[in-house]
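Structure first, then comments.
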Amino acid sequence: MGVVRTDESRRAEIEEFRRMLLSCSGVVLKVTTEEEYNRRQVPAANRNEYTADQKLVCVTSGVSFLGIAIVKKLLLRGYSVRIIVDNEEDIERLREIEITEEAGGRSNITSNNQIGVVQANFNERGSLMEAFDGCCAVFHTAAFIDPSGLSGYSKIMAEVEARAAENIAEACAATSSVRNYVLTSSLLTCIWRDISDSCLSPVVDHNTWSDESFCKRKKLWYALGKLKAEHVSWKIAKEKGLKMATICSGLVTGPRYFCTNPSSTIAYLKGGQDMYDYGLLATVDVDKLADAHVYVYEEMNKSGGGRYVCYDKVVCSPNEVQSLEEETGVHINTSSNDFEFRFVLSNRKLDRLLSQVYRCSNLN
């Protein structure tokens, strides 16, 4: 079972992908079906050494809203990108773009950059290994949404999410060219705990983990899926010696995001009143989130990986809640009384990294 999306969402994402190509002149798009894909044979190598394809990286669900943003940032940084899709419909739509579109406009991307599109099955490790072969890194951004679920994310989707993450981590570890693995996780993997525990730290950061039993008890299936996916990925990475990083993202915002991703927005905001009351309702612009993925990946080449919390705004007033409600179409009950939030969100680890990056950019 792959990524479940509505036809409307799929059409919107393909159109967003087309816009991205139009903004990136000189980029070559190459669409390949699973049968046509001629797997590269990469000799076994030590993970501490770069392969010949150190500028080729792979992005799962690269035609999703976040995936497109990450792909564009990678292209601007000089990488070639192989996008993984899991269905024939996306392959056919992208093939139409390949045949009919001539990218226009100006950008800093050179003609050496390429976007390859390959179909693979998230439930088959062999299929994933073939897709990853020759890439030095994998970005797993896929979101698993069930349109039949009331919140856009039913209980069974948590298991689907975890199984796919397990397969992808195993495939990364077994593919000799893959050196680094970046997983898009969620801030929800950090915030859901039993607050009756007086020993809880008031600071919620990259060291904080949600509690699986609490998520099950409160039927927070989206949080549970992200949590199980991250847990199993870290387990495999540690066992197999795979260098890994996770980006624990707040609610993603940005132009056209909520209209193309209504199900994931609804699923994320389940429990929104408690998030707001505890001071843990946070959002992040898709461009900042995409930057975080790329810069965390590049930092992994210098040092270790680890978890990073990513947000740019904490919703902390009724007026801000109202604005979010209008933007998303999701109602969030809030108290009109002034009170002091019990918890404080911290993304200091990512902030330090981004500050270093921006400081170096300014010097250059």
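Keep in mind it's a predicted model, so treat the numbers as computed, not measured.
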Excluding sequence neighbours, so at least two apart, what forms salt bridge (charged side-chain N to carboxylate O under 4.0 Å, His left out) with [X]?
{"X": "E166", "result": "R125"}
{"X": "E298", "result": "R77"}
{"X": "E320", "result": "none"}
{"X": "D291", "result": "K73"}

Considering non-hydrogen atoms only, spot the tightest contact between G272 and L281 and give its length.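 Smallest heavy-atom distance, with atoms named: O-CD2, 4.3 Å.
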Tell me whether S210 contacts the main-chain N or O of C190 through its side chain, where contact means a donor paired with an acceptor under 3.5 Å.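 Flag set: sc S210 to bb C190 pair under 3.5 Å.
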Report yes or no: do T184 and H293 form a side-chain donor-acceptor pair below 3.5 Å?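 Result is yes, a qualifying pair exists.
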Report yes or no: do V344 and L200 belong to one cluster of Ile/Leu/Val/Met/Phe/Trp/Tyr joined by side chain heavy-atom distances under 4.5 Å?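 Shared cluster, no.
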Exercise answer: donor-acceptor pairs, residues 229-236 side-chain atoms, under 3.5 Å, sequence neighbours excluded:
residue	atom	partner	partner atom	Å
E230	OE1	S185	OG	2.7
E230	OE1	T189	OG1	3.2
E230	OE1	R307	NH2	3.4
E230	OE2	W234	NE1	3.2
E230	OE2	T246	OG1	2.9
E230	OE2	R307	NE	2.7
S233	OG	A229	O	2.8
K235	NZ	E239	OE2	2.9

Do the charged groups of K228 and E161 touch, with an N to O distance under 4.0 Å?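 So K228 does not pair with E161 through a salt bridge.
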Not counting sequence neighbours, list each pair that qualifies as a side-chain hydrogen bond (donor to acceptor under 3.5 Å, both in side chains) and has a residue in residues 343-354.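 Sorted pair list: D205-R348, S346-R348.
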For the side-chain contact (heavy atoms from CB on, under 4.5 Å) test, which of T253, L354, V252 pairs with K288?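 So the option named by the test is L354.
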